[in-house]
Amino acid sequence: MRKITLNISTSPHVIIGLSTDTIMKHVVFALLPAAAFGVYAFGWNALLVMMTTTVGAILTEHFLCKWSDKPSTVSDYSALIAGLLLGMTLPPIFPLWMAFLGSVITIALGKFIFGGLGNNVFNPALVGRAFLQAAFPVAITTWLQPFLPERFYSVSSSIYAWPFMRPTVDAVSGATPLSAFKFDKVSTQAYDMAMGICSGSVGETSTVFIILGGIYLAWRKMMNWRIPISIILTVFVFSAVFYMIDDKAYPSPFFTIFSGGLMLGAIFMATDMVSSPITSSGVWLYGAIIGLLTVVIRLWGGLPEGVMYAILLGNAISPHIDNLVRPRVYGTTKKLKVL
Amino acid sequence: MSLTDQNKTNKSFFSSLGEHQGTDDFLRGLWRDNPVFVQVLGMCPALAVSNSAMNAIAMGLATTFVLTMSNVLISLLRNFIPKEVRIASYILIIATFVSMVDYVIQAVSIDLHKSLGAFIALIVVNCIILSRAEAFASKNTVGRSLMDGLGMGMGFMFALFCIGSIREIIGSGTFLGLQVMPDAFEKWVIMVLPAGGFFTLACLLLIFNHFKLKKIKA
């Protein structure tokens, strides 16, 4: 007679098979086209920067887990995503030692100090980038022109700067559409920016591939599609109002939504499941606040780009948004007041 | 021995300093009960004026002077100050010494006065000073209060100096105004900004707590 093993367990008995690492893996897949386009546009520089941040993030996660006597959580892909996202927000000729430092900060201060994945208040990659932006303001605003002919034959010497030493810039630097508009009032065609024919961070230029990745994630229900829609709509409407008031001083709404890191931030960073609100109505509000802050920082702030700070501020208030739009408990008539 | 017993038995000036009592009071402030690293008091000046080692030393010296002098005076007057108005009296005494420090620094170096800014005047509300007045000087003899004030002041200066040196070396590549890093050193601008103060303080607290936990476990 055959022996039958019977598992006695409580519900659920049928599971969909979606775990944290499955979702994370698909986020990596969705990011890869945009990252690959970054390598195509900026050459080996971009690849080196992204590899450094990814390896740095994974190593940091591993050693911090070992140090705190916990099982290593490298295999859930979250460190890989944080590192890859950080690399995609950095300029292509960013010195590797700074990129490595940024990835250590990303994991240590962005995630691990709060207790690891699921407890982080802010998007870890943006914490790392905010640190780098404040620590090395010159290096992080030195951009490379895209599609240089020698991009697959040579690597910029600024990448190879000795640890803790100032990089020497030999590459042909180019202004991003945003800084060109902010400082010289030179506008770039929205079509060029959508296609990625402009200077910028490694992974933020190819808007088309980022949107494709976002559609893939939304289709697989691994991302809350309301967040990017809400952010982009708010940015579009808000900047259109100012464009109609004065089309010389303010950029066109198409320029605003296709320039800089708005798409990357809206689709891959603001949608971080841990640091965004959980209610559907809260998510619309969250996106609107991020969109509003982005436009305000871009138009009147000192820096040309404001998506990073807007998302970090949005992360900071997302628990309060959840509290504000707390849904009615089933069976009760009034909203429960819980603070 | 309780504190009141001590006050009764030791009436003369330095007689309360037993064999190691004075050293103990001094070392407690400097290391074991360090006002910044262990008690986490006086965060406002510790974060705000620790962007260079020189500022840290100046601030530490000023605070040590005020702390020591106010401790001594409050300890001398501890039997005359009515309990109901003690805080106001302490503040008055502290403010007197702060005004003195303010004018002395202006006379010595106007640049230093500018770089410390409002934080000299804010020594009045430094919680280390008021807490030592309330918790120690008002209950102990002059000798012990003197040693306690010195220890706490030096401990505060030591903490500020640690934070200030780290921030200055990494953030400006200099130490006490002298260049210590090679010319090509990339300065971490964030370290001289307020955020750098929080980072440095957090790292130092991490190290202190690590050792404290180790000591408790052992």
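Quick note on labels: first sequence line is chain A, next is B, and so on, each numbered from 1.
Across all their heavy atoms, A:Ala134 and B:Leu193 have their closest contact at O-CD1, 4.3 Å.
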What donor-acceptor contacts under 3.5 Å connect chain A and chain B, backbone and side chains included?
{"unit_1": "A:Ala134", "atom_1": "O", "unit_2": "B:Ile190", "atom_2": "N", "d": "3.3"}
{"unit_1": "A:Ala135", "atom_1": "O", "unit_2": "B:Val189", "atom_2": "N", "d": "2.9"}
{"unit_1": "A:Phe164", "atom_1": "O", "unit_2": "B:Glu186", "atom_2": "N", "d": "2.9"}
{"unit_1": "A:Arg166", "atom_1": "N", "unit_2": "B:Ala184", "atom_2": "O", "d": "2.5"}
{"unit_1": "A:Arg166", "atom_1": "NH2", "unit_2": "B:Asp183", "atom_2": "O", "d": "3.4"}
{"unit_1": "A:Arg166", "atom_1": "NH2", "unit_2": "B:Phe185", "atom_2": "O", "d": "3.3"}

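For B:Ala48, the side-chain contact (heavy atoms from CB on, under 4.5 Å) partners at least two apart in sequence or on another chain are B:Phe119. For A:Phe131, the ring-ring contact (aromatic ring centres under 6.0 Å, His included) partners are B:Phe199, not counting sequence neighbours. Scored by the ring-ring contact (aromatic ring centres under 6.0 Å, His included) test, B:Phe37 finds B:Phe208 as partners (sequence neighbours excluded).
No part of A:Ile113 comes within reach of chain B, as not one of its non-hydrogen atoms sits under 4.5 angstrom from that chain. Only the side chain of A:Leu109 comes within contact range of chain B, judged by heavy atoms closer than 4.5 Å. Contact annotation for A:Pro163: neither backbone nor side-chain heavy atoms come within less than 4.5 Å of a heavy atom of chain B.
A 6.0 Å sphere centred on CE of B:Met181 holds more than 12 heavy atoms belonging to other residues, nucleotides or ligands. Counting heavy-atom neighbours within 6.0 Å of B:Met54 CE, excluding the residue itself, gives a total of 12 or less. Within 6.0 Å of atom CZ in A:Phe183, more than 12 heavy atoms from other residues, nucleotides or ligands are found, so the atom counts as buried in its surroundings. Around the CE atom of B:Met157, the shell of radius 6.0 Å holds more than 12 heavy atoms that belong to other residues, nucleotides or ligands.
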